[in-house]
Amino acid sequence: GVLCNNIHAVMGEFHHDLNMIAYLWPMTYQGQGEGSLWTLDRGTAKQISTEWLRMMEHNPNCNTKFFMKDDESYKNDGQPLPIIQMPSNNTSIP
C-alpha cells in the first residue's frame, strides 16, 4: 500500500491507557452516510492498533517503521494545523 511503499518512518503514540487519557473513550466518528455515526471503544482501538503494527512489522514488503514515541516537538512550532472544510454543513475540523 501507499504507507508501506512511500513512508519510511512514523513516530506516534496510541492513547489506550485509561490512566493516561480516560476521557477520550469511547470515541464517536461520522460515518459515510448523513447522520451515520460509529463508536470506537478503547479495547477495540487497542486491538486495531496492535494488529496494524503487527502487519507492518511482519510484512516483508513494508518499508515503514513505526516508533512508539512522540516528543510533541511540533506541538508549538507556530504552524497552524490544516483545516478540513466539511461540505455538508460548512463546519471545519482542525
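The first residue in the sequence is number 1, and the count goes up from there. Computation of the quantities below employed the complete heavy-atom set of this structure, encompassing side-chain atoms and omitting hydrogens, waters and symmetry-equivalent molecules.
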Item to complete: Mark yes or no for whether S49, through its side chain, and K46, through its backbone, hold a donor-acceptor pair below 3.5 Å.
Response: yes
I need the minimum non-hydrogen distance between [X] and [Y], along with the two atoms involved.
X: F67; Y: A9; value: CE1-CB, 3.9 Å
X: N5; Y: N61; value: OD1-O, 4.1 Å
X: T64; Y: I7; value: OG1-O, 2.5 Å

Worksheet entry | Distance, nearest 0.5 Å, that separates CG of N63 from CG of L3 |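 Output value for this atom pair is 10.0 Å.
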Discussion item. Would you compute the distance between atom CD1 of I48 and atom CG of L40 and round it to the nearest 0.5 angstrom?
Written reply: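 Answer rounded to 0.5 Å: 5.5 Å.
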Discussion item. Let me check something: do M55 and L53 share a hydrophobic cluster, defined by ILVMFWY side-chain heavy atoms less than 4.5 Å apart, either directly or through other members?
Written reply: no
Discussion item. Between R54 and E57 (salt bridge meaning N to carboxylate O under 4.0 Å), is one present in this structure?
Written reply: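 No, no charged N to carboxylate O under 4.0 Å.
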